[in-house]
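Encoded as structure tokens, the structure appears first; notes follow it.
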Amino acid sequence: MRFVDEYRDADKAQVLAAEIANLCESGRHYKIMEVCGGHTHTIYKHGLEDYLPENVTLVHGPGCPVCVIPMGRVDDAIHIASQPDVIMTTFGDMMRVPGGRGSFFDSKAAGADIRMVYSPLDALKIARRNPTKHVVFMAIGFETTAPSTAMTVLRAAAEDIDNFSIFCNHVTIIPAVKAILDSPDLRLDGFIGPGHVSTVIGCRPYDFIAGDYGKPLVVAGFEPLDILQSVYQILVQLKEGRCEIENQYARVVPWYGNVKAIQVINEVMELRPYFEWRGLGFISHSALRVRESYARFDAERIFEMPGIRVADPKACQCGEVLKGVLKPWECKVFGTACTPETPIGTCMVSSEGACAAYYNFGRFTRTSVREATRT
């Protein structure tokens with residue numbers, strides 16, 4: 001295939017759907033988790049659930065980087081932004097993420113200097129132009145975005161820029177998947193592996209999923225046929241009694257990952273002993289922090305942090321959605337009190353959030369009816 005339209009061919013999708021249906025055993029129900037929020041949006045934007053048999057269910061995982069940030073970390077960032085002569089910079093998705101003290105938008109309206117950027121290098125550019133201000137970049141994301149943050153720190157060090165730092169909230173995907181597998185709440189038959197993260201870490205880190213837990217995983221691309229093909233490959237493994245890690249996204253993902261990107265991350269960052277994830281609680285060695293050798297670029301060392309844990313709103317069930325226990329429409333406030341304009345939880349904010357996918361693409365009504373017929 002050479003053109004994107006070929007990955008969205010409806011006729012080929014129908015052929016794949018028929019092959020998937022032929023692989024399904026009568027009376028067996030299959031539950032497959034798409035780890036990445038980007039996959040979730042493709043599934044509901046293109047209506048891929050309608051191509052699958054009734055006994056194949058796709059559930060959402062914790063692979064949305066904005067969604068997993070706990071409220072306490074948002075409050076810490078707002079605290080930094082409120083300090084004198086500080087310019088806080090962040091990606092657009094983070095502006096509306098609610099913390100216990102409101103969102104970045106609320107703080108900006110109250111007078112804090114908070115600016116949206118497209119990359120950490122944009123934040124470094126702001127620091128160069130404002131030498132009397134301290135510019136902080138709110139660094140979020142999985143291993144996908146960590147290399148660009150690390151490279152920016154290296155650039156700042158090379159240029160000896162002393163008014164720039166990062167508030168590091170980068171998380172790692174493997175401990176989160178392991179937490180899902182260890183959870184008693186959910187029975188899964190396989191995983192659609194995250195494509196973007198895998199361009200950096202490769203496929204080998206997932207070996208434990210097949211070896212220790214007996215679950216197949218197929219790293220998938222983000223076009224409709226990519227996802228249907230990955231579902232097909234998982235079902236073939238289950239049919240044949242195999243359990244392996246496969247790479248459907250081989251056109252982009254190298255099996256051993258991006259060695260240079262991993263080296264850059266390891267140069268600037270190290271694993272934290274533990275980190276709180278929204279909905280998953282504290283997970284050991286699941287996030288990154290700035291190494292001591294680059295401490296002058298670490299906002300957590302420069303500013304005194306409140307570090308207060310903030311409980312999620314009782315009405316919000318983002319945690320259950322992130323673990324795949326609930327579909328978004330099963331949340332009590334979905335589409336009523338919680339909308340993209342007035343989000344209560346992070347899953348409704350991010351462009352990769354499952355709730356936003358259901359809401360924006362109108363899948364909640366049709367899916368709820370479909371689910372109801374299964375029970």
Closer than 4.0 angstrom, basic N to acidic O: yes or no for [X] and [Y]?
{"X": "Lys327", "Y": "Glu49", "answer": "yes"}
{"X": "Lys133", "Y": "Asp113", "answer": "no"}
{"X": "Arg301", "Y": "Glu292", "answer": "yes"}
{"X": "Arg96", "Y": "Glu341", "answer": "no"}
{"X": "Asp298", "Y": "Arg296", "answer": "no"}
{"X": "Arg289", "Y": "Glu300", "answer": "no"}

Full working for salt bridge (Lys or Arg N to Asp or Glu O under 4.0 Å) between Arg128 and Glu159: CA-CA 10 Å; Arg128 292 193 196 100; Glu159 297 181 18; 2.9 Å; yes

Run the ring-centre check on [X] versus [Y] and record whether the distance is less than 6.0 Å.
{"X": "His41", "Y": "Phe361", "value": "yes"}
{"X": "Phe222", "Y": "His39", "value": "yes"}
{"X": "Tyr249", "Y": "His196", "value": "no"}
{"X": "Phe303", "Y": "His79", "value": "no"}

Could you label the plane-to-plane angle of the Tyr358 and Tyr44 rings as parallel, tilted or perpendicular, counting under 30° as parallel and over 60° as perpendicular?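 The arrangement is tilted - the two ring planes meet at 30° to 60°.
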
Starting from Val15 and following side-chain heavy-atom contacts under 4.5 Å between hydrophobic residues (I, L, V, M, F, W, Y), which residues can be reached?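 Joined to Val15, directly or through intermediates: none.
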
Can you list the other members of the hydrophobic cluster that holds Met71, where links are side-chain heavy atoms under 4.5 angstrom apart?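 Listed partners: Val310.
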
Could you point out which residue of Ile87, Ile166, Ile161, Val86 forms a side chain to side chain contact (heavy atoms under 4.5 Å, CB included) with Val135?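 Answer to the side chain to side chain contact (heavy atoms under 4.5 Å, CB included) test with Val135 among Ile87, Ile166, Ile161, Val86: Ile87.
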
Check whether Tyr30 forms a cation-pi arrangement with Arg187 (NZ or CZ under 6.0 Å from the six-membered ring centre, at most 45° off the ring normal).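 Ring-cation test returns no.
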
Classify the side-chain pair Thr145/Ser148 by whether it contains a donor and acceptor separated by less than 3.5 Å.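 No, because no side-chain N or O of Thr145 sits under 3.5 Å from a partner of the opposite role on Ser148.
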
If you measure only the distance, is there a donor-acceptor pair under 3.5 Å linking the side chains of Gln248 and Ser230?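 Their side chains do not contain a donor-acceptor pair, so the 3.5 Å distance test is not met.
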
Check step by step if salt bridge (Lys or Arg N to Asp or Glu O under 4.0 Å) holds for Asp226 and Arg8. CA-CA 9 Å; Asp226 288 329; Arg8 302 178 182 181; over 6 Å; no

Please report the closest heavy-atom contact between Asp76 and Pro306, naming both atoms and the distance.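 In terms of heavy atoms, the two residues are closest at OD1-CD, 3.4 Å.
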
Which pairs, with at least one residue in residues 198-211 and sequence neighbours excluded, count as a side chain to side chain donor-acceptor pair (under 3.5 Å)?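 Qualifying pairs, neighbours excluded: Ser198-Tyr206.
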
